[in-house]
Amino acid sequence: MTTLADAWHWLTDPAHWSGDNGIAHRLLQHLVLTVVCLVVSCLIALPVALVLGHLGRGGALAVNLSNIGRAVPTFAVLVLLLLTPVGRWGEGPTVVALVLFAVPPLLTNAYVGMREVDRDVVRAARGMGMTGRQTLLRVELPLALPLVMNGVRIAAVQLVATATIAALAGGGGLGRIITAGFNLASTPQVVAGAVLVAVFALVVEAVFETVERLAPRWARAAR
Amino acid sequence: MPGPDTGRSNGVVTATPDDCLARNDWICGAYLSSRGQILLDAVLQHLRLTGLAVLIGLALALPLAVVARRWRWASGPVLAVTTILYTIPSLAMFSLLLPLYGLSASLVVAGLVLYSLTLLVRNILAGLRAVPEETRQAARGLGYGPVRLLLTVELPLALPAAMAGLRIATVSAVSLVTVGAIVGFGGLGNLIYAGMNTYFKAQVLTASVLCVVIAVVADLLLLGVQRLLTPWTRAARG
């Protein structure tokens, strides 16, 4: 219990919130990394997945990419990137690793979502004279949206986790509070940093949950 | 760091022997031969941590899933708690357990157990729920009690889904063990961490590749076990 109290004291000490290593700056870094990399990953993965899903090609790759992504340790990729020329470019390894690990869930979910659209509906759209592009954008995409959004949600949670581990390889973000705590052998700081990261991750998850609840009925996952 | 003996000690003092260790190459045979024991120890620690975590996770997940299946009110809280646990990033999870376990292997195992719990509970529960009601009624009609129904009908039918969860949990655990390097118990992660601090490319690449190899081999082994345990799924397909 005393550790928790100490962690609370550490968190509420205004001195720990300001400066380059302060909580406020680390929080902002974590948020910017997560949001920017989520947008970049979506721009890379979603068009590819939607087109592949529309054409019904490359399914094995799109589905297996998630399994491959799971088997490769985030930490190993971060360190490997750090030792390559990318490592000399500040947050380079972090950004590349974040995108690499966010793309597989986006790709897999969007692809599966597109393929699970009722084939009869697609045929009906074609029967009404819709072109391929119209079918993709007006029929398949709206129907696949729940699974696409599920992929975005998994990717976002993955991004928060990867950005945390990036601290082990010298990257910025809330994880740095934890690693600094380990270096100082300060359990209160380690626990305080961990609480911040956990709360951040849960808030991200909650935002997606809320968006899903507020979304119109047709855009919600059928559960 | 000194490279292995290159046979040039006959008076000629060379500052840097010309081998792949001195050149800091990514791929280096001399690294494998000179540090085989260190690699083996790291692999064994990696396997021990992963195996222990997944087995404990399985032992906890099975009763939780059965309880959540039997009593409807229990499934909400069980799923909510495991989802929350799964959302917390691994580094934070290990750090939150620090006051409880200190810098120990138990800390890494406990963290991994919490992650595998989510995947296993969800999959076992999905498997149990997918057992057709007719099958259950048929077993009851044959005079099966609730325990015998669970053990001889429901659990075997839930096995494919449960094994799928076990494979995902094992592969994830193999990859997450590396983060345990923060407390010094990360298996191959320790070598990656040390290699990062000394810019030792061969060590980082070798340990990373071994991690992936362990994950793939474990996945294939479990797939084999699944095939052996559920011969009927193949018969149905063929």
Side-chain angles (χ1 to χ4, degrees), chain A residues 1-4 6-7 66-80 82-84 87 156-170 173-175 177-179 181-182 185 187-206 209, chain B residues 24 26 83-100 102-103 167-184 186-189 191-197 199-205 207-216 218-219:
Chain A
M1 275 290 99
T2 50
T3 320
L4 281 183
D6 289 345
S66 276
N67 297 332
I68 299 168
R70 203 178 286 122
V72 179
T74 317
F75 178 45
V77 170
L78 277 160
V79 175
L80 285 172
L82 190 70
L83 299 187
T84 60
V157 172
Q158 175 75 52
L159 281 169
V160 175
T162 312
T164 313
I165 296 177
L168 280 177
L174 285 171
I177 297 172
I178 299 176
T179 49
F182 271 108
T187 307
Q189 181 174 342
V190 169
V191 174
V195 169
L196 283 170
V197 171
V199 169
F200 189 91
L202 290 172
V203 167
V204 169
E205 177 91 10
E209 183 79 36
Chain B
N24 198 15
W26 283 105
T83 304
I84 288 175
L85 288 176
Y86 198 67
T87 307
I88 298 174
S90 50
L91 187 63
M93 182 75 93
F94 291 149
S95 306
L96 284 173
L97 294 169
L98 184 66
L100 289 174
L103 299 170
R167 283 170 62 198
I168 297 176
T170 307
V171 171
S172 308
V174 170
S175 142
L176 282 175
V177 167
T178 54
V179 179
I182 186 84
V183 292
L188 290 160
L191 295 184
I192 298 176
Y193 200 53
M196 175 183 76
N197 291 330
Y199 275 80
F200 194 172
K201 288 178 180 172
Q203 176 157 309
V204 172
L205 185 66
S208 306
V209 169
L210 279 174
C211 268
V212 177
V213 169
I214 293 176
V216 172
D219 195 40

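Chain identifiers are assigned alphabetically (A, B, ...) following the order of the sequence lines, protein sequences preceding nucleic acid strands; residue numbering begins at 1 within each chain. None of these values were measured; they are calculated from a predicted model.
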query = Is it the backbone or the side chain of A:Leu80 that comes under 4.5 Å from a heavy atom of chain B, or both, or neither?
reply = both
message = Please classify the contact of A:Ala169 with chain B as side chain, backbone, both or neither, using a heavy-atom distance under 4.5 Å.
response = both
Heavy-atom pairs under 4.5 Å with chain A, option from B:Ile88, B:Val216, B:Thr87 with the top count = B:Thr87
request  = Below 4.5 Å from any heavy atom of chain A, which atoms of B:Ala92 appear? Answer side chain, backbone, both or neither.
outcome  = both
ask   = Where on B:Ile168 is there a heavy atom nearer than 4.5 Å to chain A: the side chain, the backbone, both, or neither?
value = both
ask   = Hey, which of A:Val160, A:Val190, A:Val204, A:Thr179 has the most heavy atom pairs under 4.5 Å with chain B?
value = A:Val190
request  = Give me the contact list for residues 170-177 of chain B versus chain A, heavy atoms only, anything under 4.5 Å, ordered by residue number.
outcome  = B:Val171, B:Ser172, B:Ser175
task = Indicate the atoms forming the closest heavy-atom contact of B:Leu91 with B:Ser95, along with that distance.
result = O-OG, 2.7 Å
message = Counting C-beta onward and ignoring hydrogens, is there a side-chain heavy-atom pair between B:Asp219 and A:Asn67 closer than 4.5 Å?
response = no
remark   = Result for side chain to side chain contact (heavy atoms under 4.5 Å, CB included) between A:Val199 and one of A:Leu202, A:Val197, A:Leu196, A:Val195 points to A:Val195
request  = Measure B:Ala207 against the heavy atoms of chain A and call it side chain, backbone, both or neither at under 4.5 Å.
outcome  = neither
key: Contact winner vs chain A - B:Val212, B:Asn24, B:Thr178, B:Leu103, heavy-atom pairs under 4.5 Å   = B:Thr178
remark   = Sorted by chain and residue number, the salt bridge (charged side-chain N to carboxylate O under 4.0 Å, His left out) partners of A:Arg70 (sequence neighbours excluded) come out as none
remark   = Applying a strict 4.5 Å limit to non-hydrogen atoms, the region of B:Phe94 in contact with chain A is neither
query = Out of curiosity, A:Ile178 CD1 to A:Thr164 OG1, how far, rounded to the nearest 0.5 Å?
reply = 6.5 Å
key: Residues forming a side chain to side chain donor-acceptor pair (under 3.5 Å) with A:Gln189, sequence neighbours excluded   = none
task = Report yes if the side chains of A:Leu168 and B:Ile182 come closer than 4.5 Å at any heavy-atom pair, otherwise no.
result = yes
query = Looking at B:Ser90 and B:Val179, what are the two nearest heavy atoms and their distance?
reply = OG-CG2, 3.8 Å
ask   = Are side-chain heavy atoms of B:Pro89 and A:Ile165 found at a separation under 4.5 Å?
value = no
task = Would you mind checking which part of A:Thr84 comes under 4.5 Å of any heavy atom in chain B, side chain (CB onward), backbone (N, CA, C, O), both or neither?
result = both
query = Any side-chain heavy atom of A:Phe182 within less than 4.5 Å of one from B:Val183?
reply = yes
ask   = Using non-hydrogen atoms only, which part of A:Val157 is less than 4.5 Å away from chain B: side chain, backbone, both, or neither?
value = side chain
query = For A:Phe200, which residues count as a ring-ring contact (aromatic ring centres under 6.0 Å, His included) partner, sequence neighbours excluded?
reply = A:His30
